[in-house]
Amino acid sequence: MYLADRSAPSGAKTAPPDRGSGRAPAVASTVLALGTVSLITDISSEMVTAVLPLYLIAGLGLSPLGFGALDGVYNGVSALVQLTGGHLADRVRNHKLVAGLGYGLSALCKPLLLLAHSLGPISVILALERTGKGLRTAPRDALISLSTPDGLQGRAFGVHRAMDTTGALLGPLAAFLILGVAVDGYDAVFGVSACVAVLGVVVLLLFVPSGAGGTPPRQAAAPPAALPAPARPNPVRLRDAAALLRLPRLRALALCAVLLGLTTVSDAFVYLLLQRRTGIDDQWFPLLPLGTAAVFLLLAVPAGALADRIGRRTVFLTGHALLLAAYGLLLWAPDWPALPYLVLALHGMFYAATDGVLPAAVAATVPESLRATGLALVGTGQALARFACSLAFGGAWTLWGTGPALAAAAAGLLCCAAVAGHVLRPSPPVPAAPAPPDPARRP
């Protein structure tokens, strides 16, 4: 059981290269179209995410524990719905349709933030917005996987995540500029975010191929002896999805995603800790995610390509080691002027080494007909673990302060990374059986 899956199991086929052109394109057009949709949608989402911690804590007076609970709900709802979205996409065999429903629901929620100015309504709206994200995540990743050969999965996910992160880079910048010129800054951010979200849905409808992911990708001509494919594939059932956990490699990936998610402090808390540690002014707070996004953007494609070459296990675990280093700097580093830049750089490298590498590894272990469901299983486990981490970290911060809370998270990350490294280690080669003696040869 190991993360660097070089060959897919039986039934886990991916799109072959285009043999007619002599050389397959590095990235499929479906990946680029989905990357554009994610770029636009992330501009919208990150505009809200960049100002939300400050708006809730400084504007509405929410405590760190209350924010931890809300942030956990914000991510936990997405996790629970992710499994539904993945299974539904596989069952109806139309990944674009389910992804479009998710993008549309998130877009509808953005203008509602203009009408909510108390914690209760905001919590409901954020839960609905995360429901849309949960619906779209697994079908979108399945579309990427099914349009890409196995040997280029890491690169394809890296390209998508780089485009997605371009939106994460531009979103906080847009929020910063709007807060600087608008009278009702927060409402202006929410209004512009709603308009951008609608544009993302339009691009999805117009430019993502309708058939991509709805049917298995076109395969090379079968040899004459091959049996013809059935006219209609068997429907996907819930017990088929549950049976995926009997795959040893997928079970190992899910276990490690959960363990490491339990010690991954949410981005919002990292930025709040960095602000308190360095005294960054509130005006500059929305720009903190730009540091993470910029590094992620630069390194997502190289990290994905490196994972395809040297193994996904190595790159994945290295990413968590970089996150541990960021925790260490926040805890024990002296007051260097370069401290914010170092922490944000390590944070971005962590995402570049993990965010696309994990689904690329999962895709290599799951059959085509259950691709979205398999991605959703691992993604749901990871997101629920991060939900629990948000609750625990917010409570620890409220009760003990930032230092002990972050020290506990760092210690937990170190232990969980060691366990993950053991679970995902390459299996030792099975020694070949000795050749039987030749009965025709006399001693």
Side-chain angles (χ1 to χ4, degrees), residues 1-7 141 150-151 153-158 161-162 165 247-267 270 292 295-296 298-331 342-366 374-375 377-379 381-386 388-389 406-429:
M1 297 183 292
Y2 58 102
L3 194 58
D5 292 306
R6 301 284 184 169
S7 60
D141 285 351
D150 182 62
Q153 293 276 325
R155 181 188 297 273
F157 278 103
R161 296 312 194 255
T165 306
L247 296 174
R249 283 175 291 183
L250 184 66
R251 200 164 56 236
L253 289 169
L255 173 63
C256 293
V258 169
L259 285 176
L260 294 168
L262 286 171
T263 54
T264 302
V265 177
S266 76
D267 296 356
V270 170
T292 297
V295 177
F296 190 3
L298 291 173
L299 297 181
V301 178
L306 183 65
D308 287 335
R309 286 201 302 272
I310 70 171
R312 292 157 192 158
R313 170 185 180 268
T314 302
V315 175
F316 184 72
L317 293 177
T318 299
H320 285 87
L322 294 169
L323 180 63
L324 184 61
Y327 290 173
L329 288 177
L330 284 172
L331 280 168
L342 290 173
V343 171
L344 294 175
L346 290 168
H347 200 225
M349 287 189 280
F350 156 69
Y351 277 114
T354 59
D355 198 59
V357 172
L358 180 61
V362 173
T365 69
V366 182
L375 288 164
L377 277 172
V378 177
Q382 184 182 55
L384 287 175
R386 290 181 176 180
C389 182
L406 189 57
L413 178 57
L414 181 62
C415 295
C416 291
V419 173
H422 176 75
V423 171
L424 297 174
R425 72 189 188 283
S427 302

Measure the CG-OG1 distance between Asp355 and Thr165 for me, rounded to the nearest 0.5 Å. 7.0 Å
If you define the side chain from C-beta out and look only at heavy atoms, does anything of Leu323 sit under 4.5 Å from Leu346? no
Heavy-atom closest pair, residues Ala363 and Leu375: N-CD2, 4.4 Å
Of all the heavy-atom pairs spanning Ala352 and Ala303, show the shortest one and how long it is. O-CB, 3.2 Å
Beyond-backbone contact of Thr264 with Phe350, side-chain heavy atoms, under 4.5 angstrom: yes
Are side-chain heavy atoms of Asp267 and Thr292 found at a separation under 4.5 Å? no
Between Arg161 and Asp141, is the closest basic N to carboxylate O distance under 4.0 Å? yes
Rounded to the nearest 0.5 Å, how far does SG of Cys416 lie from CG of Leu255? 9.5 Å
Correct closest heavy-atom pair for Ala257 and Val378 would be CB-CG1, 3.9 Å
For Phe296 versus Tyr351, what's the shortest heavy-atom pair and its separation? CE1-O, 3.6 Å
Between the CG atom in Leu253 and the CZ atom in Arg312, the distance rounded to the nearest 0.5 Å is 10.0 Å
Euclidean distance, Thr365 OG1 relative to Leu250 CG, rounded to 0.5 Å: 4.5 Å
Write down the atom of Leu331, the atom of Ala410, and the distance for their closest heavy-atom approach. CD1-CB, 4.4 Å
For Leu344 and Val295, run side chain to side chain contact (heavy atoms under 4.5 Å, CB included): C-alpha distance rounded to whole Å, both residues' side-chain angles, the deciding distance at 0.1 Å, then the answer. CA-CA 8 Å; Leu344 294 175; Val295 177; over 6 Å; no
What pair of heavy atoms forms the shortest contact from Gly319 to Ala353, and how long is it? CA-CB, 3.6 Å
Quick check against the 3.5 Å criterion: does Arg313 have a side-chain atom that pairs as donor or acceptor with the backbone of Gly421? yes
So NE2 of His422 and SG of Cys256: to nearest 0.5 Å the spacing works out to 10.0 Å
So, does Tyr327 use its side chain to make a donor-acceptor pair with the main chain of Leu322 at under 3.5 Å? no
Check: His320 side chain, Phe316 main-chain N or O, donor-acceptor pair, under 3.5 Å: yes
Rounded to the nearest 0.5 angstrom, the CG-OG1 distance for Leu414 and Thr263 is 9.5 Å
